[in-house]
Amino acid sequence: MAAQESSSPKYRRIADALKRAIAAGEFQPGDRLPGENELMDRHGVARMTARQALGVLTSEGLAEARKGAGVFVRAFQPIRRRGVPRLAREHWGEGRSVWSADVPDRDLVVDEVTVDEESAAETVAAQLGIAPGDAVIVRRRRFVLDGKPVLLSASYLPAALVAGSAITRPDTGAGGAYARLAELGAAPARFREEVRSRMPAPEEAERLRLPAGTPVILISRTAMTADGRTVEVNEMVLDSSAYVLEYDFDA
């Protein structure tokens with residue numbers, strides 16, 4: 001281990017030391033971390049090395065830079081996204097949000113809500129089993145937790161299925177879109193999620209207020225009825241530093 005540490009770049013060794021100090025409680029959420037000058041003096045390194053070390057902590061979501069004030073231990077508590085229980089029918093079927101499984105006691109706001117009828121792109125049409133260009137209802141929104149934007153979402157549903165329902169309005173009512181689909185005789189019975197990661201597009205970084213260098217997690221979820229018909233495609237962009245993805249299932 002010592003040999004491995006000694007072969008690591010200096011900035012990485014400094015970053016690892018700071019992470020150990022945070023884990024040990026030497027720096028609490030909201031505390032200011034040693035600045036570039038202090039790290040330079042303490043470790044005998046150049047300013048760029050000290051800056052890179054602090055940059056590691058911000059890019060990993062452990063710290064946040066405040067202009068003119070320094071770098072601080074991040075106070076935001078990550079979301080443990082429980083991938084299986086959150087989609088259980090017992091939540092939306094009883095009028096609760098799927099988010100109730102993740103953040104039951106935190107301040108969640110959904111903003112930037114738009115609902116539009118659009119022509120289905122080829123990829124979305126293939127997933128929904130409709131023809132390219134067919135009408136889809138697109139629900140776009142941003143989720144803000146404890147004052148921090150954490151997720152962008154765009155749901156695509158066949159217009160022929162949901163026309164005239166509350167799904168075409170900004171407020172879908174208790175239980176959300178899945179409860180309304182159930183009322184239409186198209187209750188989701190099975191979900192599939194695909195997860196990948198990339199760096200954010202500029203517009204995504206702006207809407208999520210992402211520090212430079214922070215990647216995003218992409219989750220594409222399809223909701224299917226008992227007979228295998230896909231009734232929703234939900235494309236999500238998550239702040240990777242705000243989430244822990246948890247999947248708990250039987251062997």
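Because the structure is predicted, anything quoted here is derived from the model rather than measured.
Atom CZ of residue Arg190 and atom CG of residue Asp227 lie 11.0 Å apart, to the nearest 0.5 angstrom. The structure places CG of Leu152 at 8.5 Å from CG of Leu238, a figure rounded to the nearest 0.5 Å. Rounding to the nearest 0.5 angstrom, the gap separating the CG atom in Leu33 from the CD atom in Glu64 is 10.5 Å. Considering OG1 of Thr49 and NE2 of His43, their distance stands at 11.0 Å, rounded to 0.5 Å. Atoms CD and CG, from Glu193 and Leu245 in turn, are 8.5 Å apart once rounded to the nearest 0.5 Å. Atom CD in Glu112 sits 12.0 Å away from atom OG in Ser153 (nearest 0.5 Å).
Around CZ of Arg198, the count of heavy atoms belonging to other residues, nucleotides or ligands within 6.0 Å exceeds 12. Counted within 6.0 Å of NZ on Lys10, heavy atoms from surrounding residues, nucleotides or ligands total 12 or fewer; the atom is thus considered open. Within a 6.0 Å radius of CD in Glu206, no more than 12 heavy atoms belonging to other residues, nucleotides or ligands are found. Enclosure of atom CE in Met199 by more than 12 non-hydrogen atoms of other residues, nucleotides or ligands within 6.0 angstrom is indicated. A 6.0 Å sphere centred on CZ of Arg32 holds more than 12 heavy atoms belonging to other residues, nucleotides or ligands.
Side chain of Ser240 to main chain of Pro215: a donor-acceptor pair is present (N/O by atom type, distance under 3.5 Å, no hydrogens or angles). With Arg142 contributing its side chain and Leu151 its backbone, the two residues share no donor-acceptor pair below 3.5 Å. A donor-acceptor distance shorter than 3.5 angstrom exists from the side chain of Asp134 to the backbone of Ala131, with no hydrogens or angles considered. Under a 3.5 Å cut-off, the side chain of Arg140 and the backbone N or O of Val138 do not form any donor-acceptor pair. Using a distance-only test at 3.5 Å, with no hydrogens or angles considered, a donor-acceptor pair links the side chain of Arg180 to the main chain of Ala174. A distance-only check finds a donor-acceptor pair linking the side chain of Ser197 to the backbone of Val216 [under 3.5 Å]. Side chain of Asp16 to backbone of Arg13: no donor-acceptor contact under 3.5 angstrom is found. Between the side chain of Arg66 and the backbone N or O of Val71, no donor-acceptor pair lies under 3.5 Å. Looking only at distances, no side-chain donor or acceptor of Asp116 sits under 3.5 Å from a matching main-chain atom of Glu118. Of the possible polar contacts, none joining the Arg141 side chain to the Thr114 backbone as a donor-acceptor pair under 3.5 Å is found.
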Legend entry - Full working for side chain to side chain contact (heavy atoms under 4.5 Å, CB included) between Tyr156 and Glu235: CA-CA 8 Å; Tyr156 300 83; Glu235 302 287 350; 4.1 Å; yes

Legend entry - Criterion salt bridge (Lys or Arg N to Asp or Glu O under 4.0 Å) on Lys148 and Asp239, from CA distance to verdict: CA-CA 10 Å; Lys148 174 181 169 42; Asp239 173 358; 2.9 Å; yes

Inset, instruction - Before giving the answer on side chain to side chain contact (heavy atoms under 4.5 Å, CB included), spell out for Val115 and Ile137 the whole-Å C-alpha distance, their side-chain angles and the decisive distance to 0.1 Å. - result: CA-CA 7 Å; Val115 185; Ile137 298 299; 3.7 Å; yes

Inset, instruction - Any chance you could lay out the side chain to side chain contact (heavy atoms under 4.5 Å, CB included) test for Arg221 and Val233, step after step, and finish with the verdict? - result: CA-CA 6 Å; Arg221 182 173 71 227; Val233 174; over 6 Å; no

Inset, instruction - Given side chain to side chain contact (heavy atoms under 4.5 Å, CB included), test Arg229 with Met224 step by step and report yes or no. - result: CA-CA 5 Å; Arg229 178 173 49 142; Met224 293 157 278; over 6 Å; no

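With hydrophobic clusters built from ILVMFWY side chains whose heavy atoms lie under 4.5 angstrom apart, Leu39 shares a cluster with Ile22. Hydrophobic clustering of Ile, Leu, Val, Met, Phe, Trp and Tyr side chains at less than 4.5 Å, counting indirect connections, keeps Met48 apart from Leu54. Cluster annotation: Leu145 and Val110 are assigned to the same hydrophobic cluster (Ile/Leu/Val/Met/Phe/Trp/Tyr, side-chain heavy-atom contacts under 4.5 Å, transitive). Linking ILVMFWY side-chain heavy atoms closer than 4.5 Å, directly or via other members, places Ile14 and Val73 in a single hydrophobic cluster. Linking Ile, Leu, Val, Met, Phe, Trp and Tyr residues whenever their side-chain heavy atoms come within less than 4.5 Å leaves Leu210 and Leu62 in two separate clusters.
Arg47 and Asn37 are linked by a side-chain donor-acceptor pair at a separation below 3.5 angstrom, with hydrogens and angles left out of the test. Between the side chains of Ser155 and Glu232, at least one donor N or O sits under 3.5 Å from an acceptor N or O.
At least one side-chain heavy atom of Leu128 sits under 4.5 Å from a side-chain heavy atom of Val136. By the 4.5 Å heavy-atom criterion applied to side chains, Leu208 and Val237 are counted as neighbours. Between Asp31 and Phe72 there is no side-chain heavy-atom pair separated by less than 4.5 Å. Contact of the Val56 side chain with the Tyr11 side chain is registered, since non-hydrogen atoms from C-beta on lie closer than 4.5 Å. For the pair Glu183/Ser165, no side-chain contact is recorded, criterion being any heavy-atom separation below 4.5 Å from C-beta on. The shortest distance between side-chain heavy atoms of Leu157 and Leu181 falls below 4.5 Å.
The minimum heavy-atom distance between Ala163 and Thr168, with the atom names listed, is CA-CG2, 4.3 Å. Closest approach of Ala120 to Ile130, counting heavy atoms only: CB-CD1, 3.9 Å. When all heavy atoms of Leu18 and Pro34 are compared, the pair lying nearest together is CD2-CD, 4.0 Å. Between Arg139 and Ala166 the shortest heavy-atom distance is NH1-O, 4.4 Å. When all heavy atoms of Val45 and Ala50 are compared, the closest pair comes out as CG2-N, 4.2 Å.
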